[in-house]
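Note sheet for the following structure.
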There are 2 protein chains.
Amino acid sequence: MAIRASEQIIHKAAWLYYTHGLRQDEVARQLNISRASVAMYLKKARDTGIVNISTSTQLFTDDVLARQLEDVFGLSAVWVVPQERHAIDPAAEVPAVAASVFIELVNRGDRIGVAWGRTVYTMADVMSFADLQDVTVVQLCGNLGAPYSYRPDQCTMEIARRLNAKGLNFYAPLVLSSEPLAQGLRNEPVIREQLASVADCDLALFSVGTVDEDSHVVKCGALSPDDMHALRDNGAAGVIAGQMIDAKGELLDCDYNRRVISADLGSIRSIPKRMMVVQEDSKLDPLLAALAGGLCSHLVVTAPMAKRLLEHRKSDLRPLSQ
Amino acid sequence: MAIRASEQIIHKAAWLYYTHGLRQDEVARQLNISRASVAMYLKKARDTGIVNISTSTQLFTDDVLARQLEDVFGLSAVWVVPQERHAIDPAAEVPAVAASVFIELVNRGDRIGVAWGRTVYTMADVMSFADLQDVTVVQLCGNLGAPYSYRPDQCTMEIARRLNAKGLNFYAPLVLSSEPLAQGLRNEPVIREQLASVADCDLALFSVGTVDEDSHVVKCGALSPDDMHALRDNGAAGVIAGQMIDAKGELLDCDYNRRVISADLGSIRSIPKRMMVVQEDSKLDPLLAALAGGLCSHLVVTAPMAKRLLEHRKSDLRPLSQ
DNA sequence: CATCGTCGCTGACAAAAGTCAATTCCGACA
DNA sequence: TGTCGGAATTGACTTTTGTCAGCGACGATG
């Protein structure tokens, strides 16, 4: 909590440079150190969140598509990442936008729930450091096998580290082999408390997964490709925090879900700000399911995806109104 | 609300430079403009709050004095501006610290009450620009005569401008010549609504005034120096949002207060974050009165003032405990 | 239709910031 | 006490950024 002596000088340099607008050599003179040291301290200050530089994300909210999506799906806020002509991949930009948006949505003292996935992990990776105080980051779902690289606990911890926040991990597997065991584990006080605390979050961050053999739950061995196809045939439309949802965004009634340890969808829905980030164009159906179930309030998508969402909704509504 | 075409390019440049970390010449190439233009756009982005650079104020909370003040007076957070050896005036630093702290305390969607005074005005002046959305800044008290330079409406408007927020002014004089007139005006729907809305604020910003001939209420002609002395003899210990308070921080029962149009102290106390900023060393007694009355939860003071507050409290408590 | 004033943009130069190898400092350990 | 290893600091050099006069486009005005 308290600033160590070695950090004090960094704070001072940052204050004089960024708040008072002195030049590096002036700061150096004031603090009786070399200008090179000042440059170094300032870099450190930026890297650790002592100094915070954030760019408005209005560029991405200010888009007809974003407005339409807000209206049509009743969302609080939508960010659309445009297709840049000369630029690189539009999808690659999504995590960067999402990370900025995410930081803007966090307030001091907040409790934040974080699920897992490649998108979330990439976001954590490009997220800038911030010096929020009294923020807690909680893991929304159990863990996967060790050799996997986007583990839920890693996502949680990395985001906590970037925000200078407290990370609350959750040491249970995401999927167990039998239902009674899962039930037993869910009733363990440590686990139960953490799952119950999800409803108290101010903000949640997650993506949505596809129901096919590319899904993380398949890749990490929790389900076989065949199981996955069977689930799909039984109505699974997407994966949220490791759980199968149907096309209405409700928890699918299936053996797999009963063996999962994760935050329940009701708790997630009761979180005021539920931020969903989707970078892959293949996730149209899962995303529609999540939207149908009211699982998200804040959405970050690519422009192509935004267009497809709107088209789908239009063709969906017309038959009904006729 | 929507970004104008001319601003779009500024947003893009800022995004590429600050979020993606490209160099100015790379940004220039991407956007097909000269590097000089990029430099210009970036400056504009910083000046208008499209890009936000903020420095942690931990340096000022991390002080034994600050901790002691928090404990002793039961405050949520205290910032102490130290006496720098070589540096300039410690008091001159107070508004800069306060402005940074203030920005940190504001959240999106907040309603903020602002009182008036030289300190508040100076804060507004050094406050950086930010791009908060849906923030409303409301004026806490009526206005003073026109020729005055730190008018309440100016403080409110300037802060609203810096935050890109909506300013809610309040067109009534601070002091009227008769009590019935004041009562009538307070009951005007426009005025009544605004006064009632003060209790809904998330954050308030004010300073405290002295009860002597240097006070703004005297300088702007609302009270004569003799009136002021009389009020002091009757127990006035400080001025909050234009109203006289006694040493316990309660509204003084006096003719003057009955003629004032301002937010009532109860409403102010019900605001969760009440930030008080004191730069002058002469304001010890008024500050003690405000603290006694629970009128502030967040405090910014100089180190000398912090020491005096603590000494005073110690000598005050000892007789009681014996 | 010419002229003027304004505004936005750029090229070229000056100023400031970033970088890194060399050096100093400091504590641990023989 | 000496000396060794690693971290912190710095001087000198390079790269990047800030600035501003000057140019051209555009719209208003006589």
Verdict with supporting geometry, Glu93(B) and Trp15(A), side-chain hydrogen bond (donor to acceptor under 3.5 Å, both in side chains): CA-CA 11 Å; Glu93(B) 182 83 343; Trp15(A) 181 259; 2.7 Å; yes
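Looking at every heavy atom in both residues, Thr156(B) comes nearest to Val138(B) through CG2-C, 4.0 Å. Leu132(A) and Asn107(A) get closest at one heavy-atom pair: CD1-C, 4.5 Å.
Checked for salt-bridge contact, Glu26(A) and Arg29(A) miss the test: no charged N lies under 4.0 Å from a carboxylate O.
The separation between Tyr17(B) atom OH and dA17(C) atom P is 11 Å, rounded to whole Å. The CG atom of Leu31(B) sits 15 Å away from the C1' atom of dT10(C) (whole-angstrom rounding). The nearest whole Å value for the distance from the CG atom in Asp25(B) to the C1' atom in dG18(C) is 14 Å. Glu7(B) places its CD atom 15 Å from the C1' atom of dG8(C), with the value rounded to the nearest Å.
With sequence neighbours left out, the side chain to side chain contact (heavy atoms under 4.5 Å, CB included) criterion links Glu158(B) to Ala124(B), Arg161(B), Arg162(B). Listed by chain and number, the residues in a side-chain hydrogen bond (donor to acceptor under 3.5 Å, both in side chains) with Arg308(B) amount to none (sequence neighbours excluded). When the side-chain hydrogen bond (donor to acceptor under 3.5 Å, both in side chains) test is applied to Asp71(B), no partner is found at least two apart in sequence or on another chain. Listed by chain and number, the residues in a side-chain hydrogen bond (donor to acceptor under 3.5 Å, both in side chains) with Thr57(B) are Trp79(B), Glu104(B) (sequence neighbours excluded). Residues passing the salt bridge (Lys or Arg N to Asp or Glu O under 4.0 Å) test with Asp153(B) are Arg151(B), sequence neighbours excluded. In this structure Ser128(A) satisfies the side-chain hydrogen bond (donor to acceptor under 3.5 Å, both in side chains) test with no other residue, sequence neighbours excluded. In terms of the side chain to side chain contact (heavy atoms under 4.5 Å, CB included) criterion, residue partners of Gln68(B) (sequence neighbours excluded) are, by chain and number, Leu65(B), Leu310(B).
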I'd like a list of close polar pairs between nucleotides 13-15 of chain C and the protein, N/O only, cut-off under 3.5 Å.
none

What's touching nucleotides 21-27 of chain C from the protein side, N or O pairs under 3.5 Å?
none

Please set out all donor-acceptor pairs under 3.5 angstrom arising from side-chain atoms of residues 37-47 of chain B, sequence neighbours excluded.
unit_1	atom_1	unit_2	atom_2	d
Ser37(B)	OG	Ser34(B)	OG	3.1
Arg46(B)	NH1	Tyr18(B)	OH	2.7

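Applying the side-chain contact (heavy atoms from CB on, under 4.5 Å) test between Leu203(B) and each of Val106(B), Val114(B), Val135(B) identifies Val106(B) as the sole match.
The nucleotide whose nearest atom lies closest to any side-chain atom of Ala36(A) is, among dC9(C), dC20(C), dA17(C), dC20(C).
For residues 38-47 of chain A, proximity to DNA chain C is found at Ala39(A), Lys43(A), Arg46(A), defined as any non-hydrogen atom under 4.0 angstrom from a strand atom.
First and last contacts of DNA chain D with chain A, using any nucleotide atom under 4.0 Å from a protein heavy atom and ordered 5' to 3', fall at dT9(D) to dG11(D).
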